[in-house]
Amino acid sequence: MSKGNIMLCLLRLDIGGIETYVLSQTKELISRGYNIVILAKDGIYKDKFQSLGATCINFEFRFSQGYDLKQSKKIEDIIQKYEIDEVHIHQFDCITAVFPACICSNTPYIAYVHTGITGAYNWFEESFTGYDTIFNMYFTLAEKIIAITDDAVNENQNKYNINKEKYLIIPNSIDFSEFSNPIIPKKIENFLIISRLDEEKKVSLKNSINIFKAYLKENENAKLVIVGDGTIKNFVEEEIKEIKENVQILGARNDVIDIIKQNDVVIALNRCILEAVASKKIAIISGYDGSNNIIIPENIKKAADLNFSGKNLENKEITEIIEFLKKLNEEKIEEIVNQNYEFAYENLNIKNNLYLLDKNARKQYMYRQRIIF
């Protein structure tokens with residue numbers, strides 16, 4: 001017997017940290033007996049969601065000035081059709097359509113703040129009329145606000161003056177069953193860069209490629225695989241032109257975990273670093289600002305506190321990174337990746353980091369909404 005029907009809303013089912021988080025969330029919720037409806041634009045991850053038993057509804061969210069009531073009515077109909085008990089809204093792009101649908105249908109919703117990029121609210125407010133008021137109402141009326149870091153909570157609360165008790169910090173977490181039988185590297189030779197090839201990642205991508213170029217000078221057998229696609233693909237191709245014999249660009253993929261298994265070092269950001277740790281690989285953060293650091297047992301907790309963005313870690317020059325890698329032997333690699341894995345398994349496991357409304361909370365929410373409106 002089903003425990004309830006939950007709708008998860010995000011922009012699209014393509015490659016990205018939010019998408020893979022929602023995939024892990026979906027798998028865990030279904031394993032606990034919930035029916036899951038995914039509202040998002042179709043993408044390469046759709047098959048993954050459907051294979052878990054989720055119902056995927058192809059829905060293209062639009063940027064709009066104010067509420068998108070036409071789309072909202074469609075969502076309200078979906079909520080009624082699938083008898084949705086609660087809605088989880090994972091991206092700001094969905095708010096103008098999903099939020100009014102939840103209000104009109106008296107359906108409680110959980111607001112997620114995945115972003116750790118300062119100024120994201122300002123961009124929406126400056127680009128689209130009414131978002132300052134929309135954000136304020138949206139966060140105020142949410143049953144819970146889930147954030148991935150303390151900084152994300154503080155920014156949100158300071159900007160919208162929301163009651164502190166409404167927030168819950170749940171770190172970016174993964175389903176460790178997807179990382180069974182990890183292969184520990186015996187040497188450092190095969191590198192993997194995982195990233196959207198978009199303008200905001202340009203500095204990080206250039207820096208990641210430079211790390212590989214520096215290591216290639218020390219080991220001519222080194223190979224690089226790049227997973228991702230986007231608007232600056234030509235820029236990436238230009239950056240690797242002189243070493244293209246040693247590089248392969250795979251584009252956007254939905255089998256990233258399998259690709260990680262085939263490599264020794266993963267250079268990335270955020271959730272991809274966590275996936276590298278769960279795969280028992282050497283993980284290198286290449287930050288948005290070009291800063292670097294290697295995840296080791298001594299800094300993994302600190303790095304996890306800011307979702308493996310690297311913003312709170314001391315920057316390591318590329319020369320330092322290369323010297324560290326050169327000194328790694330099989331024994332040291334095993335020590336690092338095993339201890340990193342143990343921390344992640346205990347603290348960043350989706351089985352321990354999931355929030356759901358209970359039936360009483362749903363009833364209380366509906367009662368409050370009747371009073372407010």
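Quantities reported herein were computed from a predicted structural model and do not represent experimental measurements.
- Asn207 places no side-chain N or O within 3.5 Å of a backbone atom of Asn292 that could act as its donor or acceptor partner.
- Ring geometry for Phe124 against Phe128 counts as tilted: the plane angle lies between 30° and 60°, on a 0 to 90° scale.
- Contact annotation: the side chain of Arg271 approaches that of Ser24 to within less than 4.5 Å [non-hydrogen atoms, C-beta and beyond].
- The backbone N or O of Gly17 sits less than 3.5 Å from a side-chain atom of Thr20, completing a donor-acceptor pair.
- No donor-acceptor pair closer than 3.5 Å links the side chain of Lys27 to the backbone N or O of Leu52.
- Residues Ile75 and Phe61 form a side-chain contact, since some pair of their non-hydrogen atoms from C-beta on lies under 4.5 Å apart.
- Under the 4.5 Å side-chain criterion, counting only non-hydrogen atoms from C-beta, Ile284 is in contact with Leu325.
- With rounding to the nearest 0.5 Å, the separation of CD in Glu28 from CG in Leu356 is 9.5 Å.
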Next item on the list: Carefully, step by step, assess Ile296 and Phe324 under the rule side-chain contact (heavy atoms from CB on, under 4.5 Å).
Entry: CA-CA 11 Å; Ile296 55 176; Phe324 183 92; 3.9 Å; yes
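- With sequence neighbours excluded, the residues that form a salt bridge (Lys or Arg N to Asp or Glu O under 4.0 Å) with Asp42 are Lys46.
- The closest donor-acceptor contact from the side chain of Asn270 to the backbone of Asn307 lies under 3.5 Å.
- Counting heavy atoms from C-beta outward, Lys201 and Tyr288 have side chains that approach closer than 4.5 Å.
- When side chains are defined from C-beta on, Ile260 counts as touching Lys281, because their heavy atoms get closer than 4.5 Å.
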Margin query: Between Asn156 and Tyr167, is the side-chain contact (heavy atoms from CB on, under 4.5 Å) condition met? List the steps.
Written below: CA-CA 10 Å; Asn156 186 281; Tyr167 295 93; 2.5 Å; yes
Checklist line | side-chain contact (heavy atoms from CB on, under 4.5 Å) assessment of Asn315 paired with Glu317 | finding: CA-CA 7 Å; Asn315 178 47; Glu317 298 295 331; 3.8 Å; yes
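- Between Lys73 and Glu76 there is no salt bridge, since no side-chain nitrogen of the basic residue lies less than 4.0 Å from a carboxylate oxygen of the acidic one.
- At least one side-chain heavy atom of Thr140 sits less than 4.5 Å from a side-chain heavy atom of Ile162.
- Looking at heavy atoms from C-beta onward, Ile15 lies out of side-chain contact with Arg253 at the 4.5 angstrom threshold.
- No donor-acceptor pair under 3.5 Å is formed between the side chain of Lys316 and the backbone N or O of Ile294.
- In the hydrophobic clustering of this structure, Phe308 groups with Leu269; members are Ile, Leu, Val, Met, Phe, Trp, Tyr whose side-chain heavy atoms approach within less than 4.5 Å, directly or through other members.
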Notebook entry, point to check: Tyr131 and Tyr121: ring pair (Phe, Tyr, Trp, His ring centres under 6.0 Å), yes or no, with the steps?
Noted result: CA-CA 9 Å; Tyr131 250 96; Tyr121 304 108; over 10 Å; no
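- Counted by atom type alone, Ser177 and Asp175 present one or more donor-acceptor pairs between their side chains at under 3.5 Å.
- For the pair Glu19 and Lys48, the salt-bridge criterion is not met [side-chain N within less than 4.0 Å of a carboxylate O].
- No continuous path of hydrophobic side-chain contacts links Ile336 to Ile273 [ILVMFWY only; heavy atoms under 4.5 Å].
- Checked by atom type, the side-chain pair Gln25/Tyr112 shows a donor-acceptor distance below 3.5 Å.
- Judged by distance alone, with hydrogens and angles left aside, the side-chain atoms of Ser286 form a donor-acceptor pair with the main-chain N or O of Ser204 at under 3.5 Å.
- Lys301 and Asn347 form no side-chain donor-acceptor contact under 3.5 Å, judged by distance and modelled atom types alone.
- Asn293 and Asn299 share a side-chain donor-acceptor pair at under 3.5 Å.
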Next item on the list: Please report the C-alpha distance between Tyr160 and Tyr138 in whole Å, then the side-chain angles of each, then the deciding distance to 0.1 Å, and finally whether the ring pair (Phe, Tyr, Trp, His ring centres under 6.0 Å) criterion is met.
Entry: CA-CA 10 Å; Tyr160 300 109; Tyr138 169 69; 9.5 Å; no
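- Among Lys326, Lys327, Lys213, the one residue that satisfies the salt bridge (Lys or Arg N to Asp or Glu O under 4.0 Å) test with Glu218 is Lys326.
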